[in-house]
Amino acid sequence: MTERDIPDSWSSASGREPDQNKRLSRTEQFGETQPFDVPVTGSTSKSVKRRKKNHRKGLPINSNSEETAQLSSTGKWPRWMKSWTLWLVLLMLIPGSVGFLAMAMLLKLPTAPNCPSIFWPLASASVRLHCAQLAASKQTVNDLLQAIALVKQLPQNHPLHGEIDRFIEEWSRDILKLADQSFQTGNLEEAIATARKIPEDVAAYKLVDEQVDKWQTIWSKAEATYNGAIAEVKERRWQSAFMLSAKMLRVDNQYWAGTKYDQLNRLIATAREDGDKLGKAENLASSKVVDNLLEAIKIAQSIGQESYIYQKAQEAIPGFGRKMLELAQAKLDKQDADEALDIARQIPEIAKLQGETDDFIAIADAKRSAWIGNVSGLEAAIAQAQQIDPSRPVYNEAQQLIARWQLEIEDVANLEKARILANQGTVPNLTAAIAQVELIPANNPRAREARQEMGRWRAQVETIEDQPYLERAEQIAIFDDINSLQAAIAQASEIRRGRALYPEARKKIRTWVGKIQRIQDQPYLDQAQELAQSGNLTAAINVAQQIASSGRALSQEAQTAINDWQGQIRTRENWRKAQEVGAAGTPEALVEAIRLADRVSNNSILRMDANLAIDQWSQQLLEIARSQGQSDIARGIDIAKSIPRSSAAYSAAQEQIRAWQEFLNPQPEPQPQPQTQTEPLPFPQSTTTDGQ
């Protein structure tokens with residue numbers, strides 16, 4: 001069937017009439033009719049009627065027949081009819097034309113049936129199948145369903161039933177493919193609805209449930225992965241979110257593996273940027289600096305509503321504001337009301353702490369007035385606190401402050417009167433001031449301040465009373481002899497414990513006692529030093545030990561001298577032992593002598609002798625090592641290694657050790673490389689490259 005015979009729509013039945021008119025015109029031209037008056041396969045009744053109508057019209061061949069009949073009836077033949085050439089031409093032309101028309105009719109393709117105009121209850125199975133194939137070729141859901149509907153009503157025993165079942169399954173799979181296309185583009189519901197359109201009574205319907213279950217499983221897993229990644233984003237676990245997004249690449253769906261994957265990656269990247277912003281804001285807020293907290297609020301506020309971090313940012317802003325309020329409260333607790341109010345007034349409205357901020361400012365402002373410390377300031381504070389509305393959370397605190405400040409007004413009056421008396425600085429006035437503040441009860445708000453003032457004024461009174469004792473003691477102690485110092489100590493001891501000048505008096509007494517002890521113990525320490533200079537270190541230590549163990553003023557100095565003298569004794573003993581051991585002359589004795597000599601202190605006068613002896617013994621070790629090396633190189637190496645680094649023979653010993661080791665472990669001589677003759681190259685080659 002040619003392309004022009006396939007209708008674009010079953011409703012356009014009149015599309016073939018021009019072709020039929022052309023064929024009829026050609027038939028009229030040649031004066032022929034359909035053989036046996038049978039219409040062509042697939043032609044309509046309208047075409048048959050048109051042909052019959054044409055037969056009723058007069059044709060030229062019919063008029064010629066009438067003229068011939070008239071001539072025959074007259075018995076006279078026209079002259080041209082007697083020409084044998086004409087008859088020869090006619091005999092050749094007429095059979096050829098008939099043969100040509102017959103071949104054209106045989107080779108002419110039958111006209112396709114007009115499917116939209118067919119009365120289907122009377123249509124044959126071949127026509128149904130043909131029209132169903134035409135519909136299915138359009139590959140749309142409705143056309144495929146229409147194709148199935150055309151053929152599925154045929155009986156089971158129909159000869160074409162097997163072929164029809166095959167087509168139904170093929171068209172059902174085509175519908176599922178179209179539904180899968182919808183699924184791949186992200187339209188799950190549309191895909192399911194399309195698949196469900198396949199008739200349940202066809203054998204291929206079993207594929208529908210299987211395919212729908214597969215789609216729903218894929219879709220559910222993809223949604224779970226996507227939602228899991230979003231949950232990780234909200235918790236700012238970026239690595240986990242990216243790992244979940246990578247799983248979407250393995251989803252058997254182009255929409256989730258493509259569009260949603262790209263969307264999720266962009267979302268994670270954007271959320272990560274916003275998360276970094278929020279992290280920066282949190283770091284700034286942790287510093288507990290007002291400017292940093294304000295910057296943190298500004299950064300958190302810049303995160304847009306479309307971000308998954310937006311909710312976290314909005315939740316963090318009140319926290320930043322509350323930290324500012326805590327800083328203000330800390331300043332207020334230190335009675336720095338001005339700084340506290342300045343911080344509180346900078347808290348932005350977006351922190352949603354306006355009510356708490358207003359309450360704090362009201363209380364802080366009232367306290368600032370109360371801390372002025374006079375009656376007018378307290379009265380102003382009471383007036384400010386009374387303006388706080390009873391509905392506010394700080395109302396009870398304000399009422400407690402009002403009651404406290406009302407008590408303070410009377411206390412402040414007593415304190416002001418006492419301070420006026422104390423400013424005169426005399427003992428009677430100070431005593432009167434103390435008596436005045438004693439009127440303030442211990443449970444009143446200003447009781448602590450009153451006790452502090454009372455203690456300060458009592459200390460002034462005690463200082464005025466005890467200062468003469470201390471001054472007389474200092475005058476007596478000027479002579480720095482034992483009797484004068486003892487008299488000064490007795491005078492300063494008149495100041496009793498708990499008095500204002502008692503600590504100063506005790507400090508001076510300790511100084512004078514130390515001077516007395518030095519005067520008394522210095523001769524014994526001088527005697528010990530004289531014994532040490534004469535070389536009798538043991539006797540010097542015995543004399544100084546009495547002072548060191550007494551705990552008196554010179555005990556530390558005596559102990560230091562004893563430690564030095566004991567070190568000198570150990571140095572001499574080590575030097576003596578080193579000389580005795582070194583005299584043996586064996587390698588082991590020389591090594592031990594060097595070790596003992598090296599223990600001589602660098603500050604001792606014996607250190608130079610010890611250094612000379614170490615060099616001499618090291619040289620002896622080297623000579624012994626060389627002698628041993630002639631017969632036993634390993635033994636010689638061991639002896640040479642015992643020579644100390646600080647000795648003059650160390651370098652020579654190391655050279656000798658290397659020589660012996662090279663002798664024991666000679667390096668293999670390099671073997672000459674055999675020269676190989678290479679063939680000449682056909683052209684010169686560069687042995688180096690640029691940059692090498």
Side-chain angles (χ1 to χ4, degrees), residues 529 531-541 544 556-557 559-676 678 687-692:
Q529 290 175 347
L531 291 171
Q533 290 176 359
S534 64
N536 192 356
L537 296 176
T538 304
I541 291 173
Q556 185 64 37
E557 185 176 349
Q559 186 62 49
T560 302
I562 290 171
N563 293 337
D564 180 55
W565 295 335
Q566 289 175 343
Q568 292 182 25
I569 292 173
R570 287 192 297 271
T571 296
R572 290 179 181 180
E573 183 65 21
N574 289 331
W575 174 236
R576 183 187 62 79
K577 288 182 179 180
Q579 289 177 322
E580 291 178 357
V581 172
T586 63
E588 291 77 10
L590 292 172
V591 171
E592 179 65 16
I594 291 171
R595 186 185 67 82
L596 292 171
D598 197 42
R599 296 174 64 179
V600 175
S601 174
N602 292 329
N603 298 326
S604 175
I605 58 176
L606 299 175
R607 183 65 197 183
M608 184 173 294
D609 294 338
N611 289 337
L612 292 174
I614 289 172
D615 289 341
Q616 180 181 357
W617 292 332
S618 298
Q619 188 64 37
Q620 291 180 17
L621 282 173
L622 180 58
E623 292 174 358
I624 294 173
R626 287 172 174 170
S627 176
Q628 289 288 336
Q630 294 178 0
S631 59
D632 188 353
I633 294 177
R635 174 62 176 166
I637 291 174
D638 291 338
I639 296 173
K641 284 183 178 180
S642 63
I643 297 174
R645 183 183 296 272
S646 60
S647 66
Y650 178 76
S651 299
Q654 294 299 312
E655 291 180 1
Q656 185 63 60
I657 290 171
R658 283 194 294 271
W660 282 334
Q661 289 176 341
E662 290 176 358
F663 179 78
L664 294 175
N665 303 302
Q667 295 291 334
E669 295 183 1
Q671 297 293 330
Q673 297 292 334
Q675 296 183 356
T676 58
T678 58
T687 59
T688 61
T689 58
D690 293 340
Q692 294 183 349

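We count residues from 1, following the sequence as given.
In this structure the side chain of Arg635 reaches within 4.5 angstrom of the side chain of Ile639, judged on heavy atoms. Here the side chains of Asn536 and Thr538 are in contact, with some heavy-atom distance below 4.5 Å.
Residue Ile541 holds its CD1 atom at 11.0 Å from CG of Leu531, rounded to the nearest 0.5 Å. Annotation: the span from Gln620 atom CD to Ile643 atom CD1 amounts to 11.0 Å, rounded to 0.5 Å. To the nearest 0.5 Å, atoms CD1 (Ile633) and CG (Asp638) are separated by 12.0 Å. Atom OG of residue Ser651 and atom CZ of residue Arg645 lie 9.5 Å apart, to the nearest 0.5 angstrom. With rounding to the nearest 0.5 angstrom, the CG atom of Leu612 is 8.5 Å from the CD atom of Gln616. In this structure, CD on Glu592 lies 10.5 Å from OG1 on Thr586, to the nearest 0.5 angstrom.
Across Leu590 and Gly582, no two heavy atoms sit closer than the pair CD2-O, 3.8 Å. The minimum heavy-atom distance linking Ile594 with Pro644 is given by the pair CG2-CG, 3.7 Å. Residues Trp565 and Ala540 share a closest heavy-atom pair of CZ3-O, 3.5 Å. Of all non-hydrogen atoms in Leu621 and Ser642, the two that sit nearest each other are CD1-OG, 3.9 Å. Looking at every heavy atom in both residues, Trp617 comes nearest to Ala593 through CZ3-O, 3.4 Å. Between Gly629 and Trp660, the closest heavy-atom pair is CA-CZ2, 4.0 Å.
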Gln661 vs Leu664, test: side-chain contact (heavy atoms from CB on, under 4.5 Å). Steps then yes/no.
CA-CA 5 Å; Gln661 289 176 341; Leu664 294 175; 5.7 Å; no

Evaluate the criterion salt bridge (charged side-chain N to carboxylate O under 4.0 Å, His left out) for residue pair Glu580 and Lys577; output intermediate values, then yes/no.
CA-CA 5 Å; Glu580 291 178 357; Lys577 288 182 179 180; over 6 Å; no

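Enclosure of atom CZ in Arg599 is not indicated, since only 12 or fewer non-hydrogen atoms of other residues, nucleotides or ligands lie within 6.0 angstrom. Atom CD of Gln654 sits in a crowded spot, with more than 12 heavy atoms from other residues, nucleotides or ligands closer than 6.0 Å.
A salt bridge is absent between Arg658 and Glu662: the closest approach of a Lys/Arg side-chain nitrogen to an acidic carboxylate oxygen does not fall below 4.0 angstrom. Comment: Glu623 does not engage Arg626 in a salt bridge, judged by the lack of any side-chain N to carboxylate O separation of less than 4.0 angstrom.
If you check the side chains of Asp615 and Gln619, you find no donor sitting under 3.5 Å from an acceptor.
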